[in-house]
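Every heavy atom of this structure was used, including side-chain atoms; hydrogens, water molecules and symmetry mates were not. Chain A is the first sequence line, chain B the second, and so forth, proteins listed ahead of strands; every chain is numbered from 1.
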Amino acid sequence: MTKAMSGAKMVVQALKEQGVEVVFGYPGGAVLPIYDEIFQQNDIRHILVRHEQGAVHMAEGYARSTGKPGVVLVTSGPGATNAVTGLVDALMDSIPLVVLTGQVPTFMIGTDGFQEADTVGITRPCTKHNWLVKDTAKLSETIHQAFHVATSGRPGPVLIDIPKDVQFATADYTPKEKTRVAHYQPRLKGDPDAILRLVEMMEAAERPILYTGGGVINSGPHASRLLRELAAATDFPVTSTLMGLGAYPASGKNWLGMLGMHGLYEANLAMHGCDLMINIGARFDDRITGRVKDFSPHSKKAHIDIDPSSINKVIRVDVPILGDVGQVLEDVLTLWKARGSKVNKAGLTKWWKQIEDWRAVNCLAFKNSEKTIKPQYALQRLEALTKGMDRYITTEVGQHQMWAAQFLGFEDPNRWMTSGGLGTMGYGLPASIGVQIAHPQALVINVAGEASWLMNMQEMGTAMQFRAPVKQFILNNERLGMVRQWQELLHGERYSHSWSESLPDFVKLAEAFGCKGIKCQDPKDLDDAIMEMIRYPGPVIFDCLVEKHENCFPMIPSGKPHNEMLLGEADTQGVIGAKGAVLV
Amino acid sequence: MSALNIKKGSTSHSAYDLRDHNATVIESHTLAVIVENEPGVLARVIGLFSGRGYNIDSLTVAEVDHTGHRSRITIVTSGTPAVIDQIEAQLGRIVSVYEVHDLTAEGPCVQRELALFKVAGKGEARIEALRLAEIFRANVVDSTLESFVFEMTGTPEKIDAFAELMRPLGLREIARTGVAALSRGA
Ligand SMILES: Cc1ncc(C[n+]2csc(CCOP(=O)(O)OP(=O)(O)O)c2C)c(N)n1
Ligand SMILES: [Mg+2]
């Protein structure tokens, strides 16, 4: 039965039908009818943020940690424009979001009305798809389609712009099952011929590597299980991009660690020296490939991806397999077993021996100090003291993010939320709140840099209001550390504006928000301070004063191939050419 | 709808793709993109080209199926084979796009463009313009004692050639529709 109702009511009804439990939002004139409906029900929880960018990152954290789409509700004009950074962030990292924006009434569109912005125009390249709904009769159907588009194929953010008169007008509600499913139906099954070719190559390979990415996580927990099964069945080494950490466990026997610009030596050299690279849900991002011309020159490459445009975009592959990672891995494993496949034992043994030699370099070694807290040490301690806990980690962007990826171990998917593609400073604090809202009992830690953290620190108010006991673990080097590192290595040590001047007193700031502040600067006090943070039942701002001039290694400078990696300070003299300096 | 009934040929992701993808030579390709005729769909397509730095050499669009609300966008673009493949894949990703056909890769196709030329002149030049128009099978659709408007349909090259000839004879203005294209055969 269809039922007549107002557009505003339809919004709430459609969200309920989609199983939405939480909406992150901020009200304003153009969404007041929807807020009125939210007021009159108890099924959907609304989290009032402090800035719309925060709402989107919270929804991202929620989505990434649950596998469900995140939902955002903001007003027209500035509400919508404030959400833009979050939309692009979600687009780059393939996070499913449904963002609802209010709009001036249809009869005022185009008149430069108060708080009018061309939201669909502005967000067209920032979303997977967007809609301006001009007719209440189409509203509920559009919302159902939006969920379908956001979550099918390669996930991503979608936006629905809803003029205020459309929210007030009444029409028949179209339930989910009556909704004309969009023609948008991405292919999930991989081509059997290509899968056979891959299996044959896997049988012959002497130096194989599984190069996994965020696609494994997006495909669902099932895909991570299959990846583990595949690694166990073949004994192939596994590396992962920043986005894919946790799909294969850090304690797993085949784990090489993260690859890429700040990836592990053994992972990058294995990528460079392999004879078969199997890309599973990754996209040959420039942080991974370094100089494309010299990327893994002697390997045959297979690429499993659900997005046809990811295949052959950057690196030409020999075996493209278009499909969902979970489904393709399942077919690969089935065929592997059915054929009674065997790996090239002699080759693989030699390959592992080579990898062990690389591993012996111990590329994450750093010079610890008795006097100052080294950021790496702080993360080692955080890892040791939280291991085995029901733990979720978010990060901001910078050196601390890379150190977190290197020094924290992830045993399961959906436990690691970081801004990879866009590299958005200010992501981590709101993302941690979104994660905590989804997992109220878990330990949620945002590993932050002081500069990034300030970008969305207003969201501590949200954490307080909604009792989200998030732990803000700030590695405070009083520097825009990553910028400083590049200036040191690429710009003749001219540290142009990379100081964090006039920092607040974070402990007092915590008190001002009504939460707990902890300051630690002596390595001897660190363990106790971390334990105090973990045990505190509410939000904590942890000001961890660390070494100011530590550089993050290993590092593959922009424009260099994998085998020209810098391992430590001694390697850094005059290594980055002018050509590399123009790259970001 | 016959206009939509385009046969699927060898596309970039087919197993029979024999093109050299490492080639750096720039090729011109004509793409037919069948889209949902909804507000903003053209902006999505054009935004993709400008946002990713692809070329648009010609673009036409019109609804070709009024009941199904399908429009056909014909785009002439240029790039290396790898770039052309990317364009096709990126277009295919747009939610309002139903089909993408690389007509150049799928086999022979016919391409036509309509153009109007305003040529002003007197005496010999005027007679010469009219004579050339006849050779090119251009129609006179407007005339005054000092001017003609010629209408011509043909390949873009033919239209270029005619424009070159008209230039010294008093060419004032040209209006071109851009290319419409269909694959040859059933
Ligand atoms: C919104 C935004 N602006 C600028 C940058 C460029 N950027 C990358 S890392 C960085 C410094 C981050 O400093 P901090 O958060 O203190 O982290 P650290 O590198 O010191 O660990 C900057 C400015 C960015 N990534 N995002
Ligand atoms: Mg810093």
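- For the pair A:Q145 and B:V95, the minimum side-chain heavy-atom distance is 4.5 Å or more.
- Comparing A:V120, A:D193, A:D307 by how many heavy-atom pairs each has under 4.5 Å with chain B, the most go to A:D307.
- By the neighbour-count criterion of 12 heavy atoms within 6.0 Å, atom NZ of A:K138 is sparsely surrounded, having that number or fewer from other residues, nucleotides or ligands.
- Contact count against chain A (heavy-atom pairs under 4.5 Å) is highest for B:G40 among B:G92, B:G40, B:G47.
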Report the C-alpha separation of B:D85 and A:R316 in whole Å, then their side-chain angles, then the decisive distance to 0.1 Å, and conclude whether the side chain to side chain contact (heavy atoms under 4.5 Å, CB included) test is met. CA-CA 11 Å; B:D85 277 358; A:R316 187 107 204 129; 4.2 Å; yes
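- In this view, B:R176 and B:E113, B:D160 satisfy the salt bridge (Lys or Arg N to Asp or Glu O under 4.0 Å) rule, not counting sequence neighbours.
- Heavy atoms of other residues, nucleotides or ligands lying less than 6.0 angstrom from NZ of A:K300 number 12 at most.
- Of the possible polar contacts, one joining the A:H183 side chain to the B:V97 backbone as a donor-acceptor pair under 3.5 Å is found.
- The interface of residues 125-135 of chain A with chain B, defined by heavy-atom distances below 4.5 Å, comprises A:K128, A:H129, A:N130.
- From A:S309, atom OG reaches atom CD1 of B:I87 across 12.5 Å, with rounding to the nearest 0.5 Å.
- With values rounded to the nearest 0.5 angstrom, B:E36 atom CD is found 15.0 Å from A:Y184 atom OH.
- More than 12 heavy atoms of other residues, nucleotides or ligands sit less than 6.0 Å from atom CZ of A:R187.
- Note: B:Q90 CD to A:S310 OG = 8.0 Å, rounded to the nearest 0.5 Å.
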